[in-house]
A.B. asks: 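Have a look at this one.
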Amino acid sequence: MRDPAGAEAPTRSGRGVPVVELRGATKAYPGGVHALRGVDLVVDEGELLAVVGPSGSGKSTMLHVMGTLDKPTSGTVRIAGYDVSTLSDARLSALRARHIGFVFQHFHLSAGRDAVDNVADGLLYAGVPLKERRARAREALAAVRLDHRRAHRPNELSGGEKQRVAIARALVGRPTLLLADEPTGALDTASGEVVMELLHQLHASGTTVCVITHDNGIADSLPRRVRFRDGEIVSDVPARSTARTARTGGPEGGTS
Ligand code: ADP
């Protein structure tokens with residue numbers, strides 16, 4: 001099988017290729033901040049997990065590293081089996097466009113563009129012609145039940161509606177992995193519930209979903225919970241059906 005990343009897709013024995021694999025990932029910023037201190041995390045296809053921990057503990061940094069928006073200072077990042085450090089920028093962009101969708105706390109929508117064009121932008125780097133981008137954007141907006149708002153610009157939408165547009169933009173590329181950084185953090189409770197319901201639906205349809213949250217209620221409602229402190233994973237509570245141990249300090253066997 002050939003992937004947009006331009007290389008033969010890797011094959012693995014055993015339980016298959018994890019969607020994300022971090023091994024010994026560190027991230028140091030100038031000034032001596034160590035945002036990640038040797039993180040080992042494996043996320044398998046079809047998982048739904050929460051990443052929790054105090055502000056400043058490294059959650060967003062890890063999400064950026066997992067999403068290939070940022071590079072670790074050291075350690076390995078594999079997405080769908082590809083070691084991202086071996087890919088050119090163009091192949092990395094293709095891999096990201098093919099596999100990963102992002103949702104951010106503050107939506108990151110373009111102010112001057114309507115909902116359809118904001119969502120269509122999610123296919124900008126996937127080589128899809130404009131007409132098809134817009135057609136697929138309309139479908140994605142229908143999937144988040146926003147057909148009636150598709151000609152509206154962000155300033156004409158509520159917070160919850162903006163986040164649903166952002167989710168439509170993330171899902172329009174049919175990603176394997178959806179990374180959401182505090183997706184309900186700027187929303188009232190009811191809008192947050194709608195957003196979480198959409199993420200659960202995406203998960204049920206086969207997407208792997210990783211959600212950073214400060215909300216314990218949300219974290220407790222997700223099957224797996226990874227807890228950060230000071231740039232390290234301090235606990236990893238698995239889905240009940242999966243025998244997975246806490247990964248505090250060293251790679252665990254089975255996939256490498
Ligand atoms: P969280 O998402 O858990 O709130 P972050 O990953 O945003 O934590 O931040 C972890 C640490 O890295 C913090 O001390 C933060 O100040 C620092 N940090 C994050 N991004 C940068 C950056 N671009 N430059 C310098 N320090 C940063």
Side-chain angles (χ1 to χ4, degrees), residues 18-43 47-79 84-85 89 92-93 96 99-109 159 162-163 166-167 169-170 175 177-189 191-192 195-196 199 203 208-238 246-251:
V19 177
V20 179
E21 206 178 337
L22 302 184
R23 296 291 182 191
T26 71
K27 182 74 187 179
Y29 289 112
V33 175
H34 292 274
L36 299 179
R37 298 170 183 268
V39 169
D40 298 293
L41 181 74
V42 178
V43 180
E47 285 205 86
L48 169 56
L49 70 149
V51 176
V52 296
S55 187
S57 59
K59 306 181 299 296
S60 296
T61 301
M62 185 186 73
L63 205 84
H64 282 80
V65 166
M66 283 167 80
T68 74
L69 296 175
D70 207 352
K71 289 182 175 162
T73 308
S74 64
T76 311
V77 181
R78 284 200 172 82
I79 304 296
V84 302
S85 70
D89 284 350
L92 193 55
S93 295
R96 199 185 299 125
H99 285 285
I100 308 174
F102 297 94
V103 176
F104 300 100
Q105 178 175 1
H106 295 295
F107 325 122
H108 292 199
L109 300 177
K162 280 187 253 203
Q163 197 58 302
I167 290 173
R169 179 186 54 195
L177 173 67
L178 185 80
L179 299 174
D181 193 346
E182 296 279 3
T184 65
L187 305 181
D188 60 86
T189 306
S191 303
V195 162
M196 284 312 298
L199 296 185
H203 171 245
T208 306
V209 180
C210 177
V211 183
I212 290 181
T213 181
H214 268 105
D215 184 322
N216 286 329
I218 289 175
D220 289 345
S221 72
L222 302 188
R224 179 179 172 194
R225 291 171 298 284
V226 172
R227 184 169 294 278
F228 261 76
R229 196 166 53 222
D230 297 332
E232 291 179 313
I233 293 177
V234 291
S235 75
D236 185 351
V237 179
R247 294 167 182 175
T248 52

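We count ligands from 1, going down the list as the structure has it; atoms in each ligand are counted the same way.
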A.B. asks: Can you name the one residue among Asp70, Leu22, Ile212 that meets side-chain contact (heavy atoms from CB on, under 4.5 Å) with Met62?
C.D. replies: Leu22
A.B. asks: Could you find the nearest protein heavy atom to atom 9 (O) of ligand 1 and give me its residue, atom name and distance?
C.D. replies: Thr61 OG1, 3.9 Å
A.B. asks: Before you tell me yes or no, could you show the steps for Arg227 and Asp236 under salt bridge (Lys or Arg N to Asp or Glu O under 4.0 Å), namely the whole-Å CA-CA distance, both residues' side-chain angles and the distance that decides it to 0.1 Å?
C.D. replies: CA-CA 6 Å; Arg227 184 169 294 278; Asp236 185 351; over 6 Å; no
A.B. asks: Regarding Arg96 and Thr68, is there a side-chain donor-to-acceptor distance under 3.5 Å anywhere?
C.D. replies: yes
A.B. asks: Looking only at heavy atoms of Gly53, does any of them come nearer than 4.0 Å to an atom of ligand 1?
C.D. replies: no
A.B. asks: Going by the order shown, which atoms of ligand 1 are within less than 4.0 Å of some heavy atom of Ser57?
C.D. replies: 1 (P), 3 (O), 8 (O)
A.B. asks: In the protein, which heavy atom is nearest to atom 8 (O) of ligand 1, and how far is it?
C.D. replies: Gly58 N, 3.1 Å
A.B. asks: Rounded at 0.5 Å granularity, tell me how far CG in Asp40 sits from CD1 in Ile233.
C.D. replies: 7.0 Å
A.B. asks: Can you tell which of Val43, Leu179, Val20 makes a side-chain contact (heavy atoms from CB on, under 4.5 Å) with Thr208?
C.D. replies: Val43
A.B. asks: If you have a sec, work out which protein heavy atom is nearest atom 1 (P) of ligand 1 and how many Å separate them, to one decimal?
C.D. replies: Gly56 N, 3.4 Å
A.B. asks: Any side-chain to backbone donor/acceptor pair from Lys71 onto Ser85? Under 3.5 Å, distance only.
C.D. replies: no
A.B. asks: Write out the residue and atom name of the closest protein heavy atom to atom 23 (N) of ligand 1, then the distance separating them to 0.1 Å.
C.D. replies: Tyr29 CE2, 3.6 Å
A.B. asks: List the steps, then state whether side-chain contact (heavy atoms from CB on, under 4.5 Å) holds for Gln163 with Ser191.
C.D. replies: CA-CA 9 Å; Gln163 197 58 302; Ser191 303; over 6 Å; no
A.B. asks: Could you tell me the separation between the CZ atom of Arg225 and the CG atom of Asn216, rounded to the nearest 0.5 Å?
C.D. replies: 10.0 Å
A.B. asks: Check whether any N or O atom of Val33, backbone or side chain, sits under 3.5 Å from an N or O atom of ligand 1, and answer yes or no.
C.D. replies: no
A.B. asks: Touching ligand 1 at all, Gly231? Heavy atoms, strictly under 4.0 Å?
C.D. replies: no
A.B. asks: Atoms of ligand 1 less than 4.0 Å from Ser55 heavy atoms?
C.D. replies: 4 (O)
A.B. asks: The test is salt bridge (Lys or Arg N to Asp or Glu O under 4.0 Å); show your working for Arg37 and Asp230 and say whether it passes.
C.D. replies: CA-CA 8 Å; Arg37 298 170 183 268; Asp230 297 332; over 6 Å; no
A.B. asks: Tell me which protein heavy atom sits closest to atom 12 (O) of ligand 1, plus the residue, atom name and distance to 0.1 Å.
C.D. replies: Ala35 CB, 3.4 Å
A.B. asks: For atom 15 (C) of ligand 1, is there a protein heavy atom at a distance under 4.0 Å?
C.D. replies: no
A.B. asks: Answer yes or no for atom 6 (O) of ligand 1: protein heavy atom present at a distance under 4.0 Å?
C.D. replies: yes
A.B. asks: Number the atoms of ligand 1 from 1 as they appear, then name those within less than 4.0 Å of a heavy atom of Pro54, with their elements.
C.D. replies: 3 (O)
A.B. asks: Given His34, His214, Lys59, identify the one with the heavy atom nearest to atom 3 (O) of ligand 1.
C.D. replies: Lys59
